[in-house]
There are 2 protein chains.
Amino acid sequence: MAGNPTISDVAARAGVSVPTVSRVLTGAAKVSPAKRELVEAAIADLGYRPSAAARALVSRKPQTIAIIAGNTSRYGYAETIRGIEIAARAEGYTVMITVVESADEDEVDRAIEATLTQPLAGVAVLKFDPPGVAALGKIPGNLPVVALSGVREASLPQAVLDEAAAAEELTEHLLGLGHRTVHHVRVPPSRRTDGRTTGWRRALRRAGADVPPAVDATWDPRSGVAIGRALAADPAVTAVFCGNDEIAMGVMRGITEAGLRIPADISVAGFDDNPLAELWSPPLTTVEQDFAGLGRRGFQLLRNAIDGTDARRHSTERPRLVLRESTAAPKPR
Amino acid sequence: MAGNPTISDVAARAGVSVPTVSRVLTGAAKVSPAKRELVEAAIADLGYRPSAAARALVSRKPQTIAIIAGNTSRYGYAETIRGIEIAARAEGYTVMITVVESADEDEVDRAIEATLTQPLAGVAVLKFDPPGVAALGKIPGNLPVVALSGVREASLPQAVLDEAAAAEELTEHLLGLGHRTVHHVRVPPSRRTDGRTTGWRRALRRAGADVPPAVDATWDPRSGVAIGRALAADPAVTAVFCGNDEIAMGVMRGITEAGLRIPADISVAGFDDNPLAELWSPPLTTVEQDFAGLGRRGFQLLRNAIDGTDARRHSTERPRLVLRESTAAPKPR
DNA sequence: ATGAAAGCGCTAACAC
DNA sequence: GTGTTAGCGCTTTCAT
């Protein structure tokens with residue numbers, strides 16, 4: 001026996017037929033205790049492990065789900081993936097990850113093709129960015145899918161973090177402190193607009209405040225530094241809402257380098273509640289997003305889709321404001 | 001045709017035999033241009049996609065590798081996984097991730113079993129922590145494996161970041177600044193000792209400096225705060241080397257809360273060069289670890305093992321010291 | 001309760 | 001070059 005033992009090796013060793021071994025394995029039908037014991041002993045002796053490939057081939061019930069993501073290492077992405085993985089593992093699913101780094105059509109196609117080639121029970125797409133959006137569009141309709149993201153959408157099962165509501169609440173908090181308006185630094189959005197920007201604008205409009213143009217940062221926290229310096233140079237800027245904590249940290253550094261203090265001169269708020277946010281100086285006011293929970297909820301929706309359960313297809317959760325020391329009332333003029 | 005089209009649907013549609021379609025697919029043998037075109041048209045029409053399960057079953061050349069990791073979201077882990085994934089994808093491999101959260105025997109077994117059930121070309125294990133070490137011990141010998149880690153080891157192919165050398169260099173730097181000794185805060189080690197601790201101790205010993213007991217932190221950056229406060233209370237402490245940047249940030253916060261300044265009163269250095277390290281106040285002296293590169297190198301070694309190439313089985317890289325502003329000469333007494 | 005036979009979708013081996 | 005035949009490791013009939 002050169003390679004791994006197969007089911008027929010087990011059958012031979014136990015002195016039973018192959019289907020009987022299969023029955024023991026799957027528990028699908030009754031097997032007499034005596035034979036069951038023989039089979040189990042043979043399995044243990046041989047170190048036998050069933051082949052998922054052969055199983056998926058014949059039973060058409062793959063136990064693998066694919067996660068498609070534009071990134072795996074940034075905080076929100078990594079935590080969401082972790083949440084999916086934990087929920088999936090708990091229910092006996094294996095997880096496969098495909099990274100689609102750009103929305104470039106060729107790259108998306110290649111990645112999707114490679115993934116869909118696998119026997120998949122379903123797919124979870126992190127629709128956080130343009131690659132995610134592009135990937136979602138390519139998944140064939142007959143495969144169960146769930147989208148995870150910050151922006152609500154109609155057609156597919158989707159788990160959402162209501163970023164717009166949270167951003168609105170945060171902006172209102174800033175306005176309530178007495179700021180005449182709030183400036184906004186965006187992280188790269190998944191589409192023309194994103195929930196954080198939408199909520200921010202909504203709060204400003206409702207309060208009748210000026211809506212200054214949003215400033216675009218990249219995902220690199222360092223991109224916030226120059227933006228912070230520029231913001232510091234504008235005396236109209238008293239409060240800044242950043243698209244994520246990392247950018248906020250860059251912006252704060254830029255503001256500090258320009259000689260202003262936070263929050264005395266300018267209030268800065270972030271988004272995500274990165275584990276380092278509370279350790280920052282000053283500790284960062286932000287919005288706690290339960291990414292791992294998003295992942296878990298997403299997996300549940302995917303399971304519903306896989307099982308054909310006609311259960312809920314949507315799940316929304318409202319992120320929670322975390323007030324710390326980087327925001328305060330504007331200084332009197 | 002209820003489900004997905006199969007290779008025989010394609011063959012029927014193109015008016016050729018099944019193996020001919022297979023030959024077009026794999027490029028393994030010559031097919032006349034005419035038939036090739038027919039086949040390609042049929043594939044496109046049907047939206048046919050070969051089944052990786054069936055392929056792996058018969059060809060015994062799976063194109064999937066598994067990554068086994070104790071965590072997916074912490075910086076070093078996430079970056080390493082990203083590096084493996086990118087390298088693997090570039091060579092046509094799909095990546096599957098298994099998380100083993102604890103070294104608990106049952107959990108490790110379950111996770112490994114579930115993974116090995118898949119048709120796998122090979123496995124990459126992140127041997128950063130006890131779960132990784134435990135998992136590594138469970139991989140059957142006939143499966144290509146690579147270990148990625150900070151500590152050199154003999155028997156398996158392994159890609160390494162020479163943390164001991166880097167930690168030694170960093171400690172020497174601190175000693176060279178005039179500190180009588182350097183205190184050390186450890187992150188949870190993968191075994192009794194880890195490279196960072198080893199390098200630190202080696203430098204101290206060689207310099208004839210005191211070797212204070214190492215203090216243990218958890219992975220949570222907040223665990224550093226209390227440690228920082230305690231360290232600040234000890235007047236003998238003038239320099240602290242932390243096992244990673246996040247802990248260093250917690251420690252710095254604790255020291256600052258205790259009323260001391262960095263680096264004037266106490267120098268603090270980290271490890272990893274987290275993207276936020278240079279934005280911290282003061283910017284953190286640390287060691288840049290190329291985790292993504294570690295992942296890439298690891299994948300190459302794994303490929304060697306898979307292909308049976310008798311190429312190198314080890315790859316070491318020396319992390320690079322990054323001097324910033326959190327370390328300085330001790331203040332004169 | 002159990003075995004024999006069939007077949008999942010594909011590639012390998014062998015004719016021609 | 002191309003078709004025919006076999007068979008990967010397993011589950012699913014269908015007998016018994």
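What's counted below: heavy atoms across the whole structure, side chains too, no hydrogens, waters or symmetry copies.
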*B:Ile7 CD1 to D:dT2 C1': how many Å, rounded?*
14 Å
*Give the rounded distance in Å between these two atoms: CG of B:Asn4 and C1' of C:dC8.*
13 Å
*Residue closer to the 5' end of DNA chain D, B:Thr20 versus A:Pro19 (nearest nucleotide)*: B:Thr20
*Taking every non-hydrogen atom, the tightest pair across A:Gly295 and A:Leu148*: CA-CD1, 3.8 Å
*Whole Å only: how far is the CG atom of B:Leu46 from the P atom of C:dG9?*
13 Å
*asked:* When you compare the side chains of B:Asn71 and B:Asp129, does any donor N or O come within less than 3.5 Å of an acceptor on the partner?
replied: no
*Can a salt bridge be assigned to the pair A:Arg296 and A:Glu85 using a cut-off of 4.0 Å between side-chain N and carboxylate O?*
no
_Neighbours of DNA chain D within residues 21-34 of chain B, by heavy-atom distance under 4.0 Å_ = B:Arg23, B:Lys30, B:Val31, B:Ser32
*d(CG, B:Leu38; P, D:dT2) in whole Å*: 10 Å
*Looking at the rings of B:Tyr77 and B:Phe291, which for Trp means the six-membered one, are their centres under 6.0 Å apart?*
no
*Over how many whole Å does the gap from A:Leu57 atom CG to D:dT11 atom P extend?*
11 Å
*Can you tell me if A:Gln63 and A:Thr94 form a side-chain donor-acceptor pair at under 3.5 Å?*
no
*When the nearest nucleotide of DNA chain D is assigned to B:Lys35 and to A:Arg49 on a heavy-atom basis, which residue is associated with the more 5' position?*
B:Lys35
*Under 4.0 angstrom, heavy atoms only, what part of the nucleic acid is B:Ser17 near: base, sugar-phosphate, or nothing?*
base
*B:Gln118-A:Gln118 side chain donor-acceptor pair, cut-off 3.5 Å*: no
_N/O (side chain, B:Arg55) to phosphate O (OP1/OP2, C:dC10) under 4.0 Å_ = no
*So, is B:Arg60 close to the D:dG9 phosphate, meaning a side-chain N or O under 4.0 Å from OP1 or OP2?*
yes
*Measure from the side chain of B:Val16, starting at C-beta and using heavy atoms only, and say which of D:dG3, D:dG9, C:dC10 lies closest.*
D:dG3
*Going by atom types alone, do B:Gln158 and B:Ser149 pair a side-chain donor with an acceptor below 3.5 Å?*
yes
_Just the rounded figure in Å: distance from C1' of C:dT11 to NZ of B:Lys61._
9 Å
*Take atom CG of A:Asp9 and atom C1' of D:dC10, then tell me their distance rounded to the nearest Å.*
13 Å
*B:Ile43 CD1 - C:dG9 P separation (whole Å)*: 16 Å
